[in-house]
Structure formats: structure tokens, C-alpha cells
A.B. asks: 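This is the structure I want to talk about, given as C-alpha cells.
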Amino acid sequence: TEEACLSGHVMAWRQFLASDFEHAIILEDDAVPLAGFAKVVADLLGKGFDADVVKLEGIYRPGGRKVLGLSAVGDRRLVRSLRPVSGAAAYLITRPAAQRLLERIGTVLIPADDFLWAPSWHGLKVADVAPFVVMQSGAASVIATDRSAKQAAGGKPFLRGLSTAVRRGVERVALLWSACEGRPHRLLNTTMAPWVPDDYNLGNRTAETAEDQRSSNG
């Protein structure tokens, strides 16, 4: 399922490059726009933005996140997050970025969201909209499983586990370096940005209600 999801994103990038558009919004099938979505997108396209990929979606986590601010977009902020959230249900991408992603993905098998939000893989500038303006519908996922379900029987070989830990460390350092644009002193200017919009709970309840209705109708 992870391979199929990644393949879907790769196909979307290719379809985008086959068009004449300069920007594209990639939406997975469970993406649900929230209030403010249209205004945020209009501001991004109308005013421009200092990024190659802009994440529009988020997954619920309490509290805020440390960020470096970029600009205002609609009633939200465009930021470089020091702690990106998983998920790739909605993002805006430029044409050069789509080309770069296709060049770098090659034959690598990695979850789409891990690849997108790790500059160490592609060297692109990644930004987030805070709070997010797209949520996942809440429908049951065929990909999301708990950690134990994803682990191979018997655990990972030692060297594989070590290489994974090193890779994650490199990804984290590259993320921080990209966020501060190679100027570490900028990390002293981080602020806290809200993670979840005020209307998240309303949207989540709406999605749950719709799912309940589908279930009750058989």
C-alpha cells in the first residue's frame, strides 16, 4: 500500500509536468479542505512564496510547533517547520520542484510523506501553512497502522537498524539546515505556530458523522 501511494504521487507529478501549468495542488482521495483554504491558495499564487513545496495539510497534534516565519497567507502563516508532521494528503508544488522530485525518487522505496518533507532527499525548500487548511477525512486508512504492525517479524537486523537511525539523524540535520537556509543563528528566532485550526474539531465531527451515516446505510 505504501508503494501504491508513492506511485500515485509520482504519476501526479508526471501528469503535472505534461501540462502547461506552473503550479499544481496534489490532493489525495481523503483530503478535506477547511475554511480559509481558497484564500490561502489565492494568496500563495497571487503574492508568490519562498518555497518549492508548500504543505497545506496536517494531522492533529496538540499544542504548537517551532517554526521560522515567512509571510502571511490568508488568515494563516507560511512557515518553515522544525518539526514537520507526517502525511501527504495536500500540498502545492512548483513545476521545477516536480521535476526535481522525479529525478531524485529514482527507484527509492520510501513513504511519500517521508520523501517529501525531508530536504536531504531532494534539496528543495519546504514550507507549511500554519494552522493547516486541509485535513484527512477520518475514514479508515489502509496504510496507517501502529508501529508494531509495521515491524518485520523478529525485528530489524542490527546493521539495518543502525543505518536507519543514522539516516534519520541526517534527515533531521538537513531539515534544520534547510529551514534556516544555512544560517544557524536564525534558529534563535524561532516562534511557536499553532498546529491545528479552530474549525478542525467541527470538520472532524462532520467527517465522522458522514462516515457514520454511510455505515448505517449499509
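Not measured: the values here are computed from a predicted model. Starting from 1, each residue takes its place in the sequence as its number.
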A.B. asks: Is there a donor-acceptor pair under 3.5 Å between the side chain of Trp121 and the backbone N or O of Leu101?
C.D. replies: no

A.B. asks: Hey, could you give me the CG/CG distance between Asp114 and Leu6, rounded to the nearest 0.5 Å?
C.D. replies: 10.5 Å

A.B. asks: Drop me the distance from Leu116's CG to Ile93's CD1, to the nearest 0.5 angstrom.
C.D. replies: 7.0 Å

A.B. asks: With sequence neighbours left out, what residues match Asp52 under side chain to side chain contact (heavy atoms under 4.5 Å, CB included)?
C.D. replies: Thr94, Ala97, Leu124, Lys125

A.B. asks: Can you find a pair of side-chain heavy atoms, one from Trp13 and one from Val10, that are under 4.5 Å apart?
C.D. replies: yes

A.B. asks: Look at the side-chain heavy atoms of Ile, Leu, Val, Met, Phe, Trp and Tyr, link any pair under 4.5 Å apart, and say whether Leu109 and Val170 land in one connected group.
C.D. replies: no

A.B. asks: Within this structure, what is the CG-CD distance for the pair Leu27 and Glu57, rounded to the nearest 0.5 Å?
C.D. replies: 10.0 Å

A.B. asks: Is it true that Arg76 and Asp43 make a salt bridge, defined as a side-chain N closer than 4.0 Å to a carboxylate O?
C.D. replies: no

A.B. asks: Which atom names give the shortest non-hydrogen contact between Pro131 and Pro197, and what distance separates them?
C.D. replies: CB-N, 3.4 Å

A.B. asks: Below 4.5 Å, heavy atoms only, C-beta onward: do Val40 and Val54 meet side chain to side chain?
C.D. replies: no

A.B. asks: With hydrophobic residues grouped by side-chain heavy-atom distances under 4.5 Å, do Met135 and Trp195 end up in a single group?
C.D. replies: yes

A.B. asks: Answer yes if Val126 and Leu176 sit in the same cluster of Ile, Leu, Val, Met, Phe, Trp and Tyr residues linked by side chain heavy atoms under 4.5 Å apart, and no otherwise.
C.D. replies: no

A.B. asks: How long is the gap from NZ on Lys55 to CG on Leu78, to the nearest 0.5 Å?
C.D. replies: 14.0 Å

A.B. asks: So which heavy atom on Ala193 is nearest to which on Val67, and how close?
C.D. replies: CB-CG2, 3.7 Å

A.B. asks: Have a look at Asp128 and tell me which of Arg77, Arg80, Arg65 forms a side-chain hydrogen bond (donor to acceptor under 3.5 Å, both in side chains) with it.
C.D. replies: Arg65

A.B. asks: Taking a hydrophobic cluster as the set of Ile, Leu, Val, Met, Phe, Trp and Tyr residues connected by side-chain heavy atoms closer than 4.5 Å, whether directly or through intermediates, do Val73 and Leu68 fall within one such cluster?
C.D. replies: no

A.B. asks: What distance separates Glu28 CD from Tyr91 OH, expressed to the nearest 0.5 Å?
C.D. replies: 7.5 Å

A.B. asks: For the residue pair Gly87 and Asp113, what are the closest heavy atoms and their distance?
C.D. replies: N-OD2, 2.9 Å

A.B. asks: Could you tell me whether the side chain of Val79 reaches within less than 4.5 Å of the side chain of Leu70, counting heavy atoms only?
C.D. replies: no

A.B. asks: Between Asp30 and Gln136 (side chain of the first, backbone of the second, donor and acceptor by atom type, cut-off under 3.5 Å), is there such a pair?
C.D. replies: no

A.B. asks: Is Phe132 close to Leu56 at the side-chain level, that is, under 4.5 Å between some pair of heavy atoms?
C.D. replies: no

A.B. asks: Is the closest side-chain heavy-atom distance between Asp75 and Lys39 below 4.5 Å?
C.D. replies: no

A.B. asks: Counting N and O atoms only, with roles assigned by atom type, does the side chain of His122 sit under 3.5 Å from a partner on the main chain of Ile105, one being a donor and the other an acceptor?
C.D. replies: no

A.B. asks: Nearest 0.5 Å please: distance from the CG atom of Leu102 over to the CZ atom of Arg14.
C.D. replies: 6.0 Å

A.B. asks: Work out which heavy atom in Pro184 is nearest to a heavy atom in Gly182; give both atom names and the distance.
C.D. replies: CD-O, 3.4 Å

A.B. asks: Would you kindly confirm whether Val134 and Leu92 end up in one hydrophobic cluster when ILVMFWY residues are joined by side chain heavy atoms under 4.5 Å apart?
C.D. replies: yes

A.B. asks: Counting only heavy atoms not in Gln99, do more than 12 fall under 6.0 Å of its CD?
C.D. replies: yes

A.B. asks: Do side-chain atoms of Arg95 reach the backbone of Phe21 as a donor and acceptor pair under 3.5 angstrom?
C.D. replies: yes

A.B. asks: Under 6.0 Å from the CD atom of Glu3, do we count more than 12 heavy atoms belonging to anything else shown?
C.D. replies: no

A.B. asks: So, for Thr190 and Leu187, which heavy atoms are closest and what is the spacing to 0.1 Å?
C.D. replies: CG2-O, 3.1 Å

A.B. asks: Run through the side-chain heavy atoms of Ile, Leu, Val, Met, Phe, Trp and Tyr, join any pair under 4.5 Å, and report what else lands in Leu188's cluster.
C.D. replies: none

